[in-house]
Chemist: 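Can you keep this structure in mind? I'll have questions shortly.
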Protein chains: 2
Amino acid sequence: MLSKKTKYGLKALTFLAAQKGRTPVQISEIAKHENISQKFLESILLTLRKTGILGSKKGKGGGYYLIKDPKDIPMTTVMRVLEGPIAMVPCVSLNFYEKCEDCPDEASCSVHKLMLQVRDSTLEVFRNNTLADLVP
Amino acid sequence: MLSKKTKYGLKALTFLAAQKGRTPVQISEIAKHENISQKFLESILLTLRKTGILGSKKGKGGGYYLIKDPKDIPMTTVMRVLEGPIAMVPCVSLNFYEKCEDCPDEASCSVHKLMLQVRDSTLEVFRNNTLADLVP
DNA sequence: TTATTACCCTATCGATTTAATAGAGTAAGC
DNA sequence: GCTTACTCTATTAAATCGATAGGGTAATAA
């Protein structure tokens with residue numbers, strides 16, 4: 001299941017990508033337009049800023065803005081920041097790999113075999129989509 | 001993230017599919033072989049039986065067995081029983097559809113657009129795999 | 001310089017889900 | 001009729017999620 005954090009984050013990013021220029025947009029404006037709890041959105045935008053996807057400007061006329069062009073922001077990056085691992089099990093994750101405790105041999109593990117295929121196909125979708133593709 | 005319920009369920013089903021005949025296998029044997037808590041596995045096998053994937057036999061020499069040939073059990077069925085919806089958001093789910101509260105228009109929703117692609121690609125993987133394909 | 005604006009951070013909370021455990025009940029077979 | 005092994009209910013601890021509250025801090029305009 002997609003977390004609300006990811007859902008809201010995607011909506012906020014899409015909203016920013018749909019803006020004309022690169023002028024900062026206030027949190028309150030995004031929250032209102034996308035029906036998101038403002039405080040919750042704050043924490044989401046904060047992580048997006050810390051990972052270099054967003055920039056922010058304080059003071060009057062401040063807000064958040066995209067650092068790069070939407071077409072240069074792949075969904076793989078966004079999803080990993082917001083949702084975490086793309087794989088459904090750690091033992092098939094590229095960026096968050098962990099060995100299964102209960103599994104003696106990955107090569108012969110049926111779950112591993114299936115989830116590897118799922119990861120690859122999901123990854124392809126995210127690689128083929130940039131933030132620009134999400135803008136209506 | 002894949003739940004342990006699904007993970008254990010898949011392992012148990014694969015173990016059953018790898019058996020020679022159709023003789024019932026005891027829970028304790030499966031649990032031991034796959035490193036699964038026996039009591040937890042009990043509840044998993046029970047749901048698999050209730051949904052018609054497994055059959056069971058009580059008494060001495062009893063246990064669980066596959067009702068159908070492994071190659072006639074698509075992963076879509078198994079995953080929906082164990083994990084629930086395949087889609088990451090209810091609004092793109094085929095079998096568990098629900099409208100988003102916060103989303104005024106699905107057609108113009110960026111999350112919807114992206115998750116639809118993910119669902120389709122994941123679904124294709126599960127449709128192309130039967131239980132027989134998981135057996136090493 | 002000062003007031004305002006808006007970002008930034010910490011803490012907390014209830015609700016829900018997950019994984020596991022315990023214990024008693026019931027049906028089938030030898 | 002007694003054992004075996006499935007069946008069911010209830011409980012639990014831990015983790016996560018979504019949301020809220022409240023205050024702190026930095027930057028900007030006037």
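So you know, we letter chains A, B, ... as the sequences are listed, proteins then strands, and number each from 1. Atom set for the values below is all heavy atoms of this structure, side chains included, hydrogens, waters and symmetry mates excluded.
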Chemist: Measure across Gly63(B) and Pro24(B) and return the closest heavy-atom pair with its distance rounded to 0.1 Å.
Modeler: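 Heavy-atom minimum between the residues: N-CB, 3.6 Å.
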
Chemist: Under the ring-ring contact (aromatic ring centres under 6.0 Å, His included) test, which residues partner Tyr97(A), sequence neighbours left out?
Modeler: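 Tyr97(A) satisfies ring-ring contact (aromatic ring centres under 6.0 Å, His included) with no residue once adjacent residues are dropped.
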
Chemist: Should we say atom CD of Glu106(A) is surrounded by more than 12 heavy atoms from elsewhere, each under 6.0 Å from it?
Modeler: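 Check passes, neighbour count above 12.
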
Chemist: Apply the side-chain contact (heavy atoms from CB on, under 4.5 Å) test between Val81(B) and each candidate in Thr76(B), Ile53(B), Thr6(B); give the one that qualifies.
Modeler: Ile53(B)

Chemist: For nucleotides 11-22 of chain C, read 5' to 3', which letter fits each nucleotide if B means a protein heavy atom sits under 4.0 Å from the base, S means only the sugar-phosphate is that close, and - means neither?
Modeler: --------SSBB

Chemist: Which of residues 42-53 of chain B sit near DNA chain C, with a heavy atom under 4.0 Å from it?
Modeler: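 Output list: empty, so none.
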
Chemist: Checking Lys113(A) side chain against Asp133(B) main chain: does a donor-acceptor pair fall under 3.5 Å?
Modeler: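 Here the side-chain-to-backbone pair exists.
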
Chemist: Same cluster for Leu82(B) and Phe40(B) if Ile/Leu/Val/Met/Phe/Trp/Tyr side chains link at under 4.5 Å?
Modeler: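 Yes; Phe40(B) is reachable from Leu82(B) via cluster members.
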
Chemist: Could you go over nucleotides 26-28 of chain C and give all protein N or O partners under 3.5 Å, atom names and distances?
Modeler:
residue: dA27(C); atom: O4'; partner: Lys58(B); partner atom: NZ; Å: 3.2

Chemist: Any sub-3.5 Å donor-acceptor pair from Gln19(B)'s side-chain atoms to Phe15(B)'s backbone N or O?
Modeler: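 Indeed, once roles are kept as given, a pair shorter than 3.5 Å links the two residues.
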
Chemist: Determine the minimum heavy-atom distance between Pro136(A) and Ser108(B), stating which atoms define it.
Modeler: CG-O, 3.4 Å

Chemist: Looking just at side-chain N and O atoms, do Glu83(A) and Ser3(A) make a donor-acceptor pair shorter than 3.5 Å?
Modeler: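 Present: a donor and an acceptor within the cut-off.
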
Chemist: Should the heavy atoms of other residues, nucleotides or ligands under 6.0 Å from CD of Gln38(A) be counted, would the total exceed 12?
Modeler: yes

Chemist: Between the main-chain N or O of Ser56(A) and the side-chain N or O of Arg49(A), is there a donor-acceptor pair closer than 3.5 Å?
Modeler: no

Chemist: Using side-chain contact (heavy atoms from CB on, under 4.5 Å) as the criterion, point out the one residue from Ile86(B), Val125(B), Val118(B) that pairs with Val118(A).
Modeler: Val125(B)

Chemist: What is the distance, rounded to the nearest whole Å, between atom CD of Gln26(A) and atom P of dT4(C)?
Modeler: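 Whole-Å distance recorded here is 17 Å.
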
Chemist: First contact, last contact: which nucleotides of DNA chain D are these for chain A, 5' to 3', heavy-atom distance under 4.0 Å?
Modeler: dG18(D) to dT28(D)

Chemist: Is any side-chain heavy atom of Thr14(B) closer than 4.5 Å to one of Glu34(B)?
Modeler: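 The answer is no; the side chains never approach within 4.5 Å.
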
Chemist: Report the end-to-end axis angle of the helix from dT1(C)-dA30(D) to dC30(C)-dG1(D); each axis comes from five terminal pairs, and the value is rounded to 10°.
Modeler: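 About 10° separates the two local helix axes.
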
Chemist: Check Leu134(B) against Ser110(A) and note the closest heavy-atom contact, atom names and distance.
Modeler: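 The pair with the smallest heavy-atom distance is O-CB, 3.4 Å.
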
Chemist: Would you please confirm or rule out a distance under 4.0 Å between OP1 or OP2 of dC8(C) and any side-chain N or O of Tyr64(A)?
Modeler: yes

Chemist: Are Leu46(B) and Leu10(B) connected, step by step, through hydrophobic side chains (Ile, Leu, Val, Met, Phe, Trp, Tyr) whose heavy atoms are closer than 4.5 Å?
Modeler: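 Leu46(B) clusters together with Leu10(B).
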
